[in-house]
Amino acid sequence: MDSLFLLQFACFIFMLVNAFIVALSHLHVRWENKRYERSRWMIVVALIGLAIQYAVQMVCGFRAMNDNLGAVINILVYTPCFSLISMGIYNIEATRSNLRKMILMCSGIYAAIIVVFCVGISLHHSLYIREGLYLMLTLFCVSVFYCIYMIIQEMIRRKNMLETMAATDLLPYVRYSRASVIILWLAVLAMPVAIFSTTLLYIVGPAVLLALLFFNLTFIALGSRYIPTEELLDKEEENQRSGGIEKKNFTAII
């Protein structure tokens, strides 16, 4: 076995184990929160998707054949999986209406990536789509930066709201927020370089895996510290937003 296959196998096992741990932690929460549970299953699906991607890479050997060919497959899988993890993070922070906007934006960007991929195949009659790969990478980076911007905005707003309305320990939330931002920024800095260079992948890959492990542990810790009063904060926030929208609509009618 070569070192690339061993790295892919290690990533495959890592993703499956983390998906299992995040899913199994559902049995150990004291109180269930619908918003948190939706985020949990989004992250589990994303981790399983990443595991499947590594299994396909091992079986078909796309990365072993050529870095650019492996990069095409990476972008096709990493984009929806990264978007699912981002939406899982954002879902805890934002209201449903804002989450729908993020879903539409991420879906639109991924649809554009699929179009570029299909056009590249039709032009070059192979998976070596040349200039199409760079356009796909650009769209991937746009998706990542958009997700990071939206998440950081909501994190700042929600933290301020919790400090004002809740007399509870914010340390688990702060740790979760920091872990989320760390893994998102690592994806931004690492993926565009790593997917084009197998050599750099050996350096960047373990760092990203450690960041993902840190994020999963803080996500689980956040769920274990959840208390029912936080649902009241969520409802209060949604009521305030819906009231603001109704007020704007009423003003527009007048």
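These numbers were taken from a predicted model, which means no experiment stands behind them.
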Just so I know, are the side chains of [X] and [Y] near enough to count as touching, which here means a heavy-atom distance under 4.5 Å?
X      : Y      : value
Glu131 : His124 : yes
Met102 : Ser86  : yes
Val56  : Val77  : no
Ile114 : Leu76  : yes

When you measure from the side chain of [X] to the backbone of [Y], do you find a donor-acceptor pair of N or O atoms at a distance under 3.5 Å?
X     : Y     : result
Tyr78 : Leu50 : no
Gln57 : Arg63 : yes
Asn91 : Leu99 : no

Cluster link [X] to [Y], ILVMFWY, side chain under 4.5 Å:
X      : Y      : value
Trp41  : Tyr90  : yes
Ile103 : Met42  : yes
Phe20  : Leu212 : no
Leu213 : Val17  : yes
Phe14  : Leu210 : no

Taking every non-hydrogen atom, the tightest pair across [X] and [Y]:
X      : Y      : value
Ile75  : Thr79  : O-OG1, 2.7 Å
Ile220 : Ile21  : CD1-CG2, 3.6 Å
Cys11  : Leu209 : SG-CD1, 3.8 Å
Ile48  : Ala19  : CG1-CB, 4.0 Å

Distance in Å, [X] [atom1] paired with [Y] [atom2], rounded so as to fall on 0.5 Å steps:
X      : Y      : atom1 : atom2 : value
Phe219 : Ile85  : CZ    : CD1   : 10.5 Å
Leu4   : Leu201 : CG    : CG    : 7.0 Å
Leu69  : Asn74  : CG    : CG    : 9.5 Å
Tyr54  : Ile13  : OH    : CD1   : 13.0 Å
Leu137 : Ile113 : CG    : CD1   : 9.0 Å
Gln53  : Met58  : CD    : CE    : 9.5 Å

- request: Check the side chains of Ser83 and Tyr110 for a donor-acceptor pair under 3.5 angstrom, ignoring hydrogens and angles.
  value: no
Side-chain donor-acceptor distances from residues 138-152 under 3.5 Å, at least two apart:
from	atom 1	to	atom 2	distance (Å)
Thr138	OG1	Tyr134	O	2.8

- prompt: Do Glu37 and Lys34 pass the salt bridge (Lys or Arg N to Asp or Glu O under 4.0 Å) test, and can you show the C-alpha distance, the side-chain angles, and the key distance before you say yes or no?
  reply: CA-CA 5 Å; Glu37 292 304 319; Lys34 291 182 180 179; over 6 Å; no
- request: Using the six-membered ring wherever Trp is involved, compare the ring planes of Phe9 and Phe5 and label them parallel, tilted or perpendicular (cut-offs 30° and 60°).
  value: parallel
message: Pair Asn216, Ile43 - check side chain to side chain contact (heavy atoms under 4.5 Å, CB included), show working.
response: CA-CA 9 Å; Asn216 288 334; Ile43 292 171; 4.1 Å; yes
